[in-house]
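Order of appearance sets the numbers: ligands from 1, and atoms from 1 within every ligand.
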Amino acid sequence: MTNPIDITKLVRKNVRELTPYQSARRIGGKGDIWLNANEYPISPHYELKQQNFNRYPEPQPQQVLERYANYAGVKPEQLIVSRGADEAIELLMRAFCEPQHDSIIFCPPTYGMYLVSAQTLGINYKAIPQTVDWQLDLPTIEQNLNHVKLIYICSPNNPTGNLLNPNDIKKLLTMAANRALVVVDEAYIEFSHENSIVSWLADFPHLVILRTLSKAFALAGLRCGFTIANPPIITALQKIIAPYPLATPVADIAAQALTNENLIAMQLHVVNLNKQKQKLIEQLETLNMVEKIYPSDSNYILVKFKNGQYIFKTLWEKGIILRDQHKQHGLANCIRISIGTTAECDALVHALMTIHNKDE
Ligand SMILES: *Cc1c(COP(=O)(O)O)cnc(C)c1O
């Protein structure tokens, strides 16, 4: 008889203590209306063009780089393509932060992966809450720059939906110069494309911009994201990225998604989604249970209800799956709602109206 071995005690301490990222898919749920992951509600259709599956893929698929560079208004050498923007968040930490020594900063309420990646890698972090109007608390950030290598900010911010004030981002870049990189997560920028700060790369060697095909391009299932930065940063990331980060079918479909024709289709989808968002906001504004709808530059809205957790749970049981935000800093009673099809949004409003009636 061998002794039972406690494998868990072999796991790294920080991993043993880690709460994994609570992705929409991990949380689960059962239903027909999924408005919890900021996905585009309809899938585009693509067919594979490449058939050379016996070969390893290109480490950085040239056509994808060239087309994305063209789309983003940068040079291919200012890009690295990865397994979603999520991989890029972690690559930056692996390339720039010494575990147990260096820190990152992020500003809650915000996207959860900055924290989870830091905890996974044993990198220190400073969570510096945003101001009450959900902008950067620059004085507090300035006081906390010691040992900080990366400052992650998100604009439009997930889950609040608002853009960060560009003057604040500029001030942050100035205060971080020669100390830390400023990473601006633009996962939702297509919904507010005139607000991208990609043109600032010429002036700020320590600016990094994250992008993805998961949101406006409707390709969350593809797992394809981009880091835009000046060449010295890209070179550092290329050293540590996996040898073949993008599978051949992923590169194939990403290249197709970036043709001029498909870019125009994507932009049309954005216009329609923004219209649907406006319509949903107007419908929700008529409901008594809704306390506040926050302005949104993204493909979701953050809504504060009178009793958010009850609303969330009741809709969940009806098969309408939203994203509860009440545990996030400052977001009691708030639910994030991804914009779905007209039918999905109408079903949501209808379900809310029936809850409303029961309460009275
Ligand atoms: C969805 C999202 C990502 C992740 O994008 P992937 O390319 O799907 O990994 C990154 N940042 C923010 C703010 C997001 O909402």
Exercise. Going by distance only, is there an N or O of Asp86 that falls short of 3.5 Å from an N or O of ligand 1?
Worked result: yes
Exercise. Going by distance alone, is a donor N or O of one side chain under 3.5 Å from an acceptor N or O of the other, for Asn157 and Thr110?
Worked result: yes
Problem set entry | Chi angles and distances behind the side chain to side chain donor-acceptor pair (under 3.5 Å) call for Thr120, Glu90 | CA-CA 9 Å; Thr120 303; Glu90 191 173 292; 5.2 Å; no
Exercise. Side chains of Asn274 and Lys277: is there a donor and an acceptor less than 3.5 Å apart?
Worked result: yes
Seminar exercise, completed: min-distance protein heavy atom vs atom 15 (O) of ligand 1 -> Tyr188 OH, 2.6 Å
For this session: Work out whether the distance between some heavy atom of Asp185 and some atom of ligand 1 is less than 4.0 Å.
Result: yes
For this session: Below 4.0 angstrom from a heavy atom of Gly84, which ligand 1 atoms are there? Numbered from 1 as shown, please.
Result: 6 (P), 7 (O), 9 (O)
Problem set entry | Sub-4.0 Å atoms of ligand 1 with respect to non-hydrogen atoms of Cys154 | 13 (C)
For this session: May I ask whether Ala220 has any heavy atom positioned less than 4.0 angstrom from an atom of ligand 1?
Result: no
Problem set entry | Shortest protein contact, atom 6 (P) of ligand 1 (heavy atom only) | Ala85 N, 3.4 Å
Exercise. Applying a strict 4.0 Å limit to heavy atoms, is Lys215 in contact with ligand 1?
Worked result: yes
Exercise. Backbone or side chain, does any N or O of Asn158 fall under 3.5 Å from an N or O of ligand 1?
Worked result: yes
For this session: For the residue pair Ser196 and Glu186, confirm or rule out a side-chain donor-acceptor distance under 3.5 Å.
Result: yes
Exercise. Within the structure, does Thr212 bring an N/O atom to less than 3.5 angstrom of an N/O atom in ligand 1?
Worked result: yes
For this session: Heavy-atom contacts with Ala187 under 4.0 Å: which atoms of ligand 1 show up? List them by number with element.
Result: 11 (N), 12 (C), 14 (C)
For this session: Mind running ring-ring contact (aromatic ring centres under 6.0 Å, His included) on Tyr114 and Tyr21 for me, showing each step along the way?
Result: CA-CA 10 Å; Tyr114 316 134; Tyr21 179 67; 9.8 Å; no
Exercise. Are any of the heavy atoms in Arg223 under 4.0 Å away from ligand 1?
Worked result: yes
Problem set entry | is_close_aromatic(Phe217, Tyr71), centroid dist under 6.0 Å | yes
Exercise. Which of the atoms of ligand 1 are close to Ser214, meaning less than 4.0 Å from one of its heavy atoms?
Worked result: 6 (P), 7 (O), 8 (O)
Exercise. Using a distance-only test with no angle check, is there a side-chain donor-acceptor pair under 3.5 angstrom linking Asn333 and Tyr310?
Worked result: no
Exercise. If we ignore angles and hydrogens, is there a donor and acceptor under 3.5 Å between the side chains of Glu58 and Gln62?
Worked result: no
Problem set entry | Note, Thr140 side chain near Asn144 side chain (heavy atom, < 4.5 Å) | yes
